[in-house]
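In this chain, residues are counted from 1 in sequence order.
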Amino acid sequence: MRRAALSLVAALIALVGCALHVDEEDVFLPWMAEGTSFTVTDDETGVIFERNRPAAGLFEAAELDIRDGVFDSALGPLAYRLARGPDPDAPLLVHCGGNSFDVPSHGDLAIWKLAPHGDALVWDYPGYGDSAGDATVADFRVAVAALAETIAGFRRTPDQRVVLWGHSLGGFVCSELAAAAPVIDAIIFEASAPSAPAASKYLAPAPLRPFVRVRLSDEIASFDNVAALSKRPIKALVLGARKDRILPVQLSRALRTSLEDAGHAVTYFEFRDSNHFHVGFQPDLPEVVSHFLAGETYRPDPAAPRARPPKAE
């Protein structure tokens with residue numbers, strides 16, 4: 001035990017002044033998307049998702065018409081999954097996933113999260129899932145430009161509202177999409193950050209953060225939610241997760257403040273029982289989002305008993 005402790009101290013001392021270089025291959029993880037899965041259970045209904053696949057009849061009961069397809073880009077075809085619900089007046093919600101998200105592995109989970117609020121569009125980044133291209137910042141921006149040109153075609157009517165919903169890395173993708181597409185009405189940031197530089201120190205393992213300087217490549221450092229939205233005012237909902245160990249909740253709080261300082265109308269809600277991946281399973285989430293889309297602020301009753309969220313394993 002004593003020898004192990006001394007070895008750890010020696011390793012930490014050796015790392016003092018060292019730099020951790022973070023490049024595109026450290027951030028974009030399409031290989032990880034293929035190997036991850038969630039089993040989601042509910043106290044009343046039992047298992048509703050088993051390894052990302054919905055329980056039989058779940059989407060039928062929700063009256064969702066789901067279809068897969070591709071849209072064109074300079075990179076080649078980019079894959080999407082579109083779910084349309086029964087409400088013709090509901091908005092179109094466009095999902096931008098995290099760095100280990102792809103449609104074949106997690107698309108139905110994202111639809112389940114978004115569909116209570118309107119039509120849901122999920123799509124694969126370049127090099128992810130069934131999309132062409134490579135997982136690089138340059139190809140990401142080509143894909144964003146292609147979706148910005150195409151997004152109006154996914155609306156069921158010419159005046160259907162379009163709301164972007166970005167989780168983690170997807171916040172940066174959605175903010176650039178909001179800047180490029182003229183039809184965007186609002187944006188939702190789930191467990192994201194003001195910018196990549198603001199989040200950089202959290203890319204090192206927690207025990208080593210005091211000893212390591214994180215250096216981002218220029219490409220990764222260019223991701224900046226606040227800067228991307230600087231040329232247009234937009235309504236934003238920022239969702240923080242108090243138990244987040246990947247992008248700690250203080251980054252969501254800083255994103256809120258930075259957006260407000262930049263003149264955007266911001267609603268903020270923090271889930272005290274959620275980690276980085278479980279915001280979509282919190283019992284308050286539907287109320288928070290519904291109120292935001294209606295132009296209202298959700299204020300939970302402090303006297304109400306706390307609901308138990310579904311378990312994600």
(request) In sequence, state the C-alpha distance, the side-chain angles, and the governing distance for D134 and T136, and then conclude on side-chain hydrogen bond (donor to acceptor under 3.5 Å, both in side chains). (result) CA-CA 6 Å; D134 297 316; T136 65; 5.9 Å; no
(request) Just do the side chain to side chain contact (heavy atoms under 4.5 Å, CB included) check on F269 and L285 with the steps written out, would you? (result) CA-CA 9 Å; F269 194 88; L285 179 67; over 6 Å; no
(request) Evaluate the side-chain hydrogen bond (donor to acceptor under 3.5 Å, both in side chains) criterion for residues N225 and S175: first the C-alpha distance (whole Å), next the side-chain angles of each, then the deciding distance (0.1 Å), finally the verdict. (result) CA-CA 6 Å; N225 282 320; S175 64; 2.8 Å; yes
(request) May I have the step-by-step check of side chain to side chain contact (heavy atoms under 4.5 Å, CB included) for K113 and E190, ending in yes or no? (result) CA-CA 12 Å; K113 177 173 66 176; E190 176 188 341; 2.7 Å; yes
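The hydrophobic clustering, which links ILVMFWY residues whose side-chain heavy atoms are closer than 4.5 Å, places L109 and I66 together. Both V226 and Y268 are part of a single hydrophobic cluster, where members link through side-chain heavy atoms under 4.5 Å apart. Taken together through direct or relayed side-chain contacts under 4.5 Å among Ile, Leu, Val, Met, Phe, Trp and Tyr, V103 and V70 form parts of separate hydrophobic clusters. I111 and V279 are not part of a single hydrophobic cluster, where members link through side-chain heavy atoms under 4.5 Å apart.
Side chains of H106 and T36: a donor-acceptor N/O pair is present below 3.5 angstrom, by distance only. When only modelled atom types and interatomic distance are considered, Y298 and E296 share no side-chain donor-acceptor pair under 3.5 Å.
Using a distance-only test at 3.5 Å, with no hydrogens or angles considered, a donor-acceptor pair links the side chain of R245 to the main chain of K243. Between the side chain of N99 and the backbone N or O of L169 there is no donor-acceptor pair closer than 3.5 Å. With N52 contributing its side chain and S105 its backbone, the two residues share a donor-acceptor pair below 3.5 Å.
A pairwise comparison of heavy atoms in R155 and V162 identifies CD-CG2, 3.5 Å as the closest pair. When every heavy atom of V288 is checked against every heavy atom of F271, the shortest pair comes out as CG2-CZ, 4.3 Å. What you find for L293 and R161 is that their closest heavy atoms are O-NH1, 3.1 Å. In this structure, A191 and H276 approach most closely via the heavy-atom pair O-CE1, 3.4 Å. Between A221 and A196 the shortest heavy-atom distance is CA-CB, 4.3 Å. Nearest heavy-atom pair, I151 versus A181, reported as atom, atom and distance to 0.1 Å: CG2-CB, 4.1 Å.
Every residue two or more places apart in sequence or in another chain that forms a ring pair (Phe, Tyr, Trp, His ring centres under 6.0 Å) with Y125 is listed here: W123, Y128, F140.
Checking each of S252, S192, S258 against V238 for a side chain to side chain contact (heavy atoms under 4.5 Å, CB included) leaves exactly one that passes, namely S252.
More than 12 heavy-atom neighbours from other residues, nucleotides or ligands sit within 6.0 angstrom of CZ on R242.
Between R84 and D65 there is no salt bridge, since no side-chain N of the basic residue sits under 4.0 Å from a carboxylate O of the acidic one. Comment: D119 engages R156 in a salt bridge, judged by a side-chain N to carboxylate O separation of less than 4.0 angstrom.
Taking the six-membered ring for Trp and thresholds of 30 and 60 degrees, F71 and F154 have ring planes more than 60 degrees apart, a perpendicular arrangement. The aromatic rings of H95 and F101 lie tilted to each other, with the angle between the two planes from 30° to 60°. Ring pair F223/F28 is perpendicular by interplanar angle, where above 60° counts as perpendicular and below 30° as parallel.
Rounding to the nearest 0.5 Å places CD1 of I184 at 4.0 Å from CG of L164.
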